[in-house]
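Here is the structure we will look at, set down as structure tokens.
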Amino acid sequence: MKELVEVIAKALVDNPDEVVVTEKEQGKNVIIELHVASSDMGKVIGKQGRIAKAIRSVVKAASLGENKRVDVEIV
């Protein structure tokens with residue numbers, strides 16, 4: 001999942017070198033934290049959070065086969 005979020009985020013931002021994705025596992029829950037440059041924050045969130053919701057939906061759909069709950073947090 002971490003790689004999926006990283007690829008999506010790097011495609012969206014102007015500074016792909018500053019994209020950092022960390023993954024924390026807590027039992028059946030996985031939290032993926034996405035860190036981007038402050039100038040790219042709006043591109044990752046999108047108008048009314050639409051891009052952020054789309055990223056979360058894609059990751060959630062990809063995680064269905066792994067029987068885990070995955071949350072994406074944009075920090």
Side-chain angles (χ1 to χ4, degrees):
M1 292 305 134
K2 177 180 171 182
E3 295 83 16
L4 176 63
V5 173
E6 190 171 349
V7 168
I8 293 171
K10 284 185 177 183
L12 293 171
V13 298
D14 289 334
N15 303 316
D17 301 337
E18 295 187 34
V19 173
V20 177
V21 180
T22 57
E23 190 174 66
K24 297 178 184 176
E25 213 165 314
Q26 301 170 344
K28 286 193 171 190
N29 293 338
V30 178
I31 299 172
I32 298 175
E33 292 182 349
L34 173 60
H35 301 267
V36 296
S38 59
S39 60
D40 290 328
M41 191 64 74
K43 293 177 181 165
V44 174
I45 296 173
K47 288 186 179 179
Q48 297 180 350
R50 288 186 182 147
I51 294 176
K53 288 179 190 174
I55 292 171
R56 290 182 179 117
S57 296
V58 168
V59 171
K60 202 165 279 196
S63 69
L64 287 176
E66 295 182 14
N67 204 16
K68 291 185 179 182
R69 179 188 166 140
V70 179
D71 293 324
V72 178
E73 293 181 0
I74 300 170
V75 182

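Below, each value reflects all heavy atoms present in this structure, side chains not excepted, and no hydrogens, waters or symmetry copies. Values in this document were obtained by computation on a predicted structure and should not be read as measured data.
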Rounded at 0.5 Å granularity, tell me how far [atom1] in [X] sits from [atom2] in [Y].
{"X": "I31", "Y": "R69", "atom1": "CD1", "atom2": "CZ", "result": "9.0 Å"}
{"X": "K28", "Y": "E66", "atom1": "NZ", "atom2": "CD", "result": "12.5 Å"}
{"X": "I51", "Y": "I55", "atom1": "CD1", "atom2": "CD1", "result": "7.0 Å"}

Please step through side-chain contact (heavy atoms from CB on, under 4.5 Å) for the pair V75 and T22, ending with a clear verdict.
-> CA-CA 11 Å; V75 182; T22 57; over 6 Å; no

For [X] and [Y], which heavy atoms make the closest approach, and how far apart are they?
{"X": "V30", "Y": "E23", "result": "CG1-CG, 3.6 Å"}
{"X": "A9", "Y": "L34", "result": "CB-CD1, 3.7 Å"}
{"X": "K2", "Y": "V21", "result": "CE-O, 3.0 Å"}

Full working for side-chain contact (heavy atoms from CB on, under 4.5 Å) between V70 and K60 | CA-CA 6 Å; V70 179; K60 202 165 279 196; over 6 Å; no

Sequence neighbours excluded, every pair satisfying salt bridge (Lys or Arg N to Asp or Glu O under 4.0 Å) that has a member inside residues 34-54 = D14-K43

Side-chain heavy atoms of N29 within contact of D71, under 4.5 Å | no

Within a strict 4.5 Å, meaning less than it, do heavy atoms of the V36 and L12 side chains meet?
-> no

Yes or no on side-chain contact (heavy atoms from CB on, under 4.5 Å) for E33 and V20, after CA distance, side-chain angles and deciding distance?
-> CA-CA 8 Å; E33 292 182 349; V20 177; over 6 Å; no

Of all residues at least two apart in sequence or in a different chain, which pass the salt bridge (Lys or Arg N to Asp or Glu O under 4.0 Å) check with E25?
-> K68

Results of salt bridge (Lys or Arg N to Asp or Glu O under 4.0 Å) for K10 - residues two or more places apart only | E6

Criterion side chain to side chain contact (heavy atoms under 4.5 Å, CB included) against M1, the qualifying member of V58, V59, V72 = V59

